[in-house]
Amino acid sequence: MRALRLMAWQSPAVLTDVDVPTPGPGEVVVQVGGAGACHSDLHLMHDFGPGQLPWEPPFTLGHENAGWVHRVGAHVSGLEPGQPVAVVGAWGCGRCARCRAGLETACERPDLAPVAGGGGGLGLDGGMADYLLVPAARYLVPLPEGLDPLHAAPLTDAALTPYHAVRRSWLKLTPGSTAVVIGVGGLGHLGVQVLCATTAARVIAVDTRESARDAAKRSGAEHVLAPGPDLTAQVRELTGGVGADVVLDFVGSDETLAAAAAVVRQLGDLTIVGLGGGSLPVSFFGLPYETSVQSTYWGNRSELVEVLDLAARGLVHADVHPYSLDEAPAAYEALAAGAVDGRAVVVPREHYAP
Ligand code: FEH
Ligand code: ZN
Ligand code: ZN
């Protein structure tokens, strides 16, 4: 089968042929119907080096996947060939205290997991291929009626990550509150939708690109702003001088984190979602009183079930731009050039083929 593989750090992914996987006991082979192209993959190709992550290339990219059950291994029940499924991305050990609580993104026994701190497309072969080997049936969630793998794939990361981040701040996103979304790209546009679908907050979206600000408006943002020297004053004017209760930085650069710190309200949450590599000095008087600065990482199976429900009801909808598997390198080139509004999704096949 064809696969887009990261052969070495700081090298572009290459399309090549590999064996079709066969499921062992407890495993499932998924026929891929959608594999989202994530900015994190660009970091894998261009920024990270040996030893920086707990796993090493070569592996097939694609950690945002959906498709159809193709073959199940011994002892697997409840899944049938042809059944449309979303793939839970973070593959923990399933046995430690965190995994037993359903928090596999925080697995504390990486030595027992299929891959330490990763999953398909993050250290193990992912979904940028015709088939994906999933090590356990619990990493699959049947799709609700009316949702196809092409539109479900982005929900497993680009929607799940913001959903998990917003969910952690739900108590602060009350009527009268304001949320600021910095960066309206693949995750940010869905972050706006998640805020509008699950909270009473007014949403202000910030992006350099007019097309992204338009996408934010379509997604429900009440105000859209361009970053710049007036941003802090504009946000403060829109919030009666107090700032935003929750700021979600989907870029994570020095500049965007500084902008986030300048607009967050006392008692607010400043959540770092993007992997931009930026940092933010945190000190008692350097931020408004009782501001919580936090990172956030992906989301878990139970949250994915909730996100899929939102999508099935039309409350969240990924703007997808499909690419064939042969066009996958071009998808990442467009992503790197900032030319993708919504989410680029690689589609190895459009329908299930037994
Ligand atoms: C990928 C690799 C490392 C950290 C975070 C990520 C996200 O893209 C997963 O959602
Ligand atoms: Zn990702
Ligand atoms: Zn674990």
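Every number for a ligand or one of its atoms is a count from 1 in the order of the listing.
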To the nearest 10°, what's the angle at the Zn ion (ligand 3) between atoms SG (C107) and SG (C93)? 110°

Angle in degrees, rounded to 10°, that SG of C96 and SG of C99 form at the Zn ion (ligand 3): 100°

Ligand 1 to C38, heavy atom cutoff 4.0 Å, flagged ligand atoms 8 (O)

Here the atoms of ligand 1 under 4.0 Å from any heavy atom belonging to T161 are 10 (O)

Measure from the Zn ion (ligand 2) to each N, O or S atom of E64 and report whether any distance is below 2.8 Å. no

Backbone or side chain, does H39 get an N/O/S atom under 2.8 Å to the Zn ion (ligand 2)? no

Residues [X], [Y]: salt bridge by 4.0 Å N-O rule:
X    : Y    : result
D214 : R218 : no
R213 : D207 : no
D341 : R209 : yes

Which is the closest N/O/S atom of D157 when seen from the Zn ion (ligand 2)? OD2

Taking [atom] as the reference point, the nearest protein heavy atom with its distance:
atom                    : value
atom 2 (C) of ligand 1  : L122 CD2, 3.9 Å
atom 3 (C) of ligand 1  : L275 CD1, 4.2 Å
atom 10 (O) of ligand 1 : D157 OD1, 2.6 Å

Would you call H63 a ligand 1 contact, heavy-atom distance under 4.0 Å? yes

Donor-acceptor pair, D249 side chain versus G252 backbone, under 3.5 Å? yes

Note: NE2(H63)-the Zn ion (ligand 2)-SG(C38) angle, rounded to 10 degrees, equals 110°

Which word best sums up how the rings of F59 and W55 line up, parallel for under 30°, tilted for 30 to 60°, or perpendicular for over 60°? perpendicular

Taking the six-membered ring for Trp, are H63 and W298 parallel (under 30°), tilted (30 to 60°) or perpendicular (over 60°)? perpendicular

Evaluating non-hydrogen atoms only, which member of F48, W298, Y297 is closest to atom 5 (C) of ligand 1? Y297

From the options S40, G186, S295, select the one whose nearest heavy atom is closest to atom 1 (C) of ligand 1. S40

Test L270 against L280 for side-chain contact (heavy atoms from CB on, under 4.5 Å), laying out the working first. CA-CA 11 Å; L270 191 168; L280 173 69; 3.7 Å; yes

How long is the gap from OG on S169 to CG on L248, to the nearest 0.5 Å? 6.5 Å

Assess whether side-chain contact (heavy atoms from CB on, under 4.5 Å) is satisfied between R98 and C107, documenting all intermediate values. CA-CA 6 Å; R98 294 298 198 200; C107 175; 5.7 Å; no

